[in-house]
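Below: the structure, in structure tokens.
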Amino acid sequence: GSGNHVGLFGYYLVLNLLVVSVAWFNAWRSLNLVGFFFTFGVSTLWGSKFYKPELFASTEPFLVAFALIYTAVAVLFALRQPPNLRGLVDGTLVFGTPLVAFGLQTQLLKGDSDAIALSAVIASAFYIVLAAVCLRWQTGRLKSLGEAFVANGIIFATLAVPLGLDARWTAATWAIEGAGVLWVGVRQGRIVPRVLGVVLQFLAGVALASDLRFSSSLTAFANSEFLGALIIITGGLFSATYLRIHADKCHRFEQWGAAALALWAFSWWWGSLFVECFSRRDEVVGWAVFLGLWGASTFAFVWASNRLNWAVFQVPQYALLIVMLLGAPAMAVITGDPWEEMAWLGWPLVV
């Protein structure tokens, strides 16, 4: 009843140091689990009732210490025997510790999105470094733990982006991150990173679409929106083709995901091309650039289709036929002449 939180958490710190001491000599699952739940359970109860922003300096060190302690316990336990990451105890320590600790951190920093984003970046860097150490360790026992820490690092990096950056940078980062995670998943033969990579690609598109302005004041093809779209397109095409090339290492249903990614990238390219040429266009070369780039990109996609032996990359040529059939009448109605606006430069290439 004294309200002395330093005394309370100091007491728990001593107990948890004893838990680490035990873990150093003996793999005792139940002790680890009891210590984890009581430490973070009492911390959560105290924080919900008594925490005030002015107590941050005397509270934050304990939260960091508790998180480090139970991460160390997970590593020490893995050195004694291979961790069962699907089990209640091991899964709680490896995945539950960062989840609960970061949840408490967001409450300590409530309202300060920049500080929360910085915390996520620090947590991501910590887990990536820890993963590198575990994966380089000369024992198979730490391999699965290292891969789990890689996942934690990726999750925190993903969380940090929307907290600290706007939607366009978020989209670009998620697209690059998704392609990288998928690449790692294919190389390691693990399905979870591959699925996460595909999901990140689609989330990147949603993030960018939520911030599109279609402003006529922006310079065509030289603005952040088009750059973000180009990164999404590149990430989607890379991921789709990489899954196609390494189809023997993936499940059959993942080829549907690869096809969806390819169509996703095509749609972003066509939509971006239309926006840049007609929402932010030069009145003289709008149709010429639109037709020329659409025709040139279609040629590239069909060439890739032949190289990959993949029918999905033939979709753009049918889309081009639709553009040809509808484009000329549309130009005749809009401009009065399908050859105006230097379209005579684009039509031959399209044909």
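The structure displayed is predicted, hence computed values, not measured ones.
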Any idea which heavy atoms bring [X] and [Y] closest together, and the distance?
| X | Y | answer |
| --- | --- | --- |
| Gly146 | Cys134 | CA-CB, 3.7 Å |
| Gly228 | Leu208 | C-CD2, 3.7 Å |
| Gln201 | Ala179 | NE2-N, 2.8 Å |
| Pro61 | Ala57 | CD-O, 3.2 Å |
| Ala262 | Val312 | CB-CG1, 3.7 Å |
| Asp248 | Ile245 | OD1-O, 4.2 Å |

Heavy-atom check, side chain of [X] versus side chain of [Y], under 4.5 Å:
| X | Y | value |
| --- | --- | --- |
| Phe102 | Ile116 | yes |
| Leu63 | Phe9 | no |
| Leu182 | Leu200 | no |
| Asn152 | Phe149 | yes |
| Tyr127 | Ile154 | no |

- Task: Identify, with sequence neighbours excluded, every residue that meets ring pair (Phe, Tyr, Trp, His ring centres under 6.0 Å) alongside Phe38.
- Result: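 Residues passing ring pair (Phe, Tyr, Trp, His ring centres under 6.0 Å) with Phe38: none at all.
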- Task: Not counting sequence neighbours, which residues clear ring pair (Phe, Tyr, Trp, His ring centres under 6.0 Å) with Phe313? List them please.
- Result: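 Applying ring pair (Phe, Tyr, Trp, His ring centres under 6.0 Å) to Phe313 gives Phe266, Trp310.
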- Message: If you count every heavy atom of other residues, nucleotides or ligands that lies below 6.0 Å from Asn309 atom CG, does the total exceed 12?
- Response: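 No - once you tally the heavy atoms of other residues, nucleotides and ligands closer than 6.0 Å, there are 12 at most.
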- Could you list all the salt bridge (charged side-chain N to carboxylate O under 4.0 Å, His left out) pairs where at least one residue sits in residues 286-306, not counting sequence neighbours?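 Salt bridge (charged side-chain N to carboxylate O under 4.0 Å, His left out) check on residues 286-306 returns no pairs.
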Sidechain-backbone polar pair: [X] side chain, [Y] backbone, donor-acceptor under 3.5 Å:
| X | Y | result |
| --- | --- | --- |
| Thr97 | Val94 | no |
| Arg307 | Val302 | no |
| Ser272 | Trp269 | no |
| Glu177 | Gly197 | no |

Side-chain heavy atoms nearer than 4.5 Å, only ILVMFWY residues, links allowed to pass through others: does that put [X] and [Y] together?
| X | Y | result |
| --- | --- | --- |
| Ile128 | Ile155 | no |
| Leu18 | Val42 | no |
| Phe299 | Leu291 | no |
| Val64 | Val6 | yes |
| Ile176 | Val206 | no |

How would you list, by chain and number, every residue that makes a side-chain contact (heavy atoms from CB on, under 4.5 Å) with [X], sequence neighbours excluded?
| X | value |
| --- | --- |
| Trp183 | Arg187, Phe238, Tyr242 |
| Ile191 | Arg194, Val195, His251, Phe253, Glu254 |
| Val121 | Ala160 |
| Phe126 | Leu68, Thr71, Leu130 |

By side-chain hydrogen bond (donor to acceptor under 3.5 Å, both in side chains) - contacts of [X] (at least two apart):
| X | value |
| --- | --- |
| Thr106 | none |
| Glu60 | Gln105 |
| Ser58 | His5 |

[X] [atom1] to [Y] [atom2] distance, which is reported to the nearest 0.5 Å:
| X | Y | atom1 | atom2 | value |
| --- | --- | --- | --- | --- |
| Phe36 | Tyr70 | CZ | OH | 8.5 Å |
| Phe50 | Leu8 | CZ | CG | 9.5 Å |
| Gln314 | Leu308 | CD | CG | 11.0 Å |
| Ile232 | Leu237 | CD1 | CG | 12.0 Å |
| Ile69 | Phe66 | CD1 | CZ | 6.5 Å |
| Phe40 | Leu99 | CZ | CG | 10.5 Å |

- Query: For residues 36-55, which residue pairs qualify under side-chain hydrogen bond (donor to acceptor under 3.5 Å, both in side chains), counting only residues two or more places apart or in two chains?
  - Reply: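 Pairs touching residues 36-55 that pass the test: Asn16-Thr39.
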- Item | Leu118: hydrophobic cluster co-members (side-chain, 4.5 Å) | Ile122
- Task: Kindly assign one of parallel, tilted or perpendicular to the pair Trp264 and Trp268, based on the angle between their ring planes and the thresholds 30° and 60°.
- Result: perpendicular
- Message: I'd like to know whether the aromatic ring centres of Trp294 and Phe290 sit less than 6.0 Å apart in this structure.
- Response: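 For Trp294 and Phe290, the ring centres are under 6.0 Å apart.
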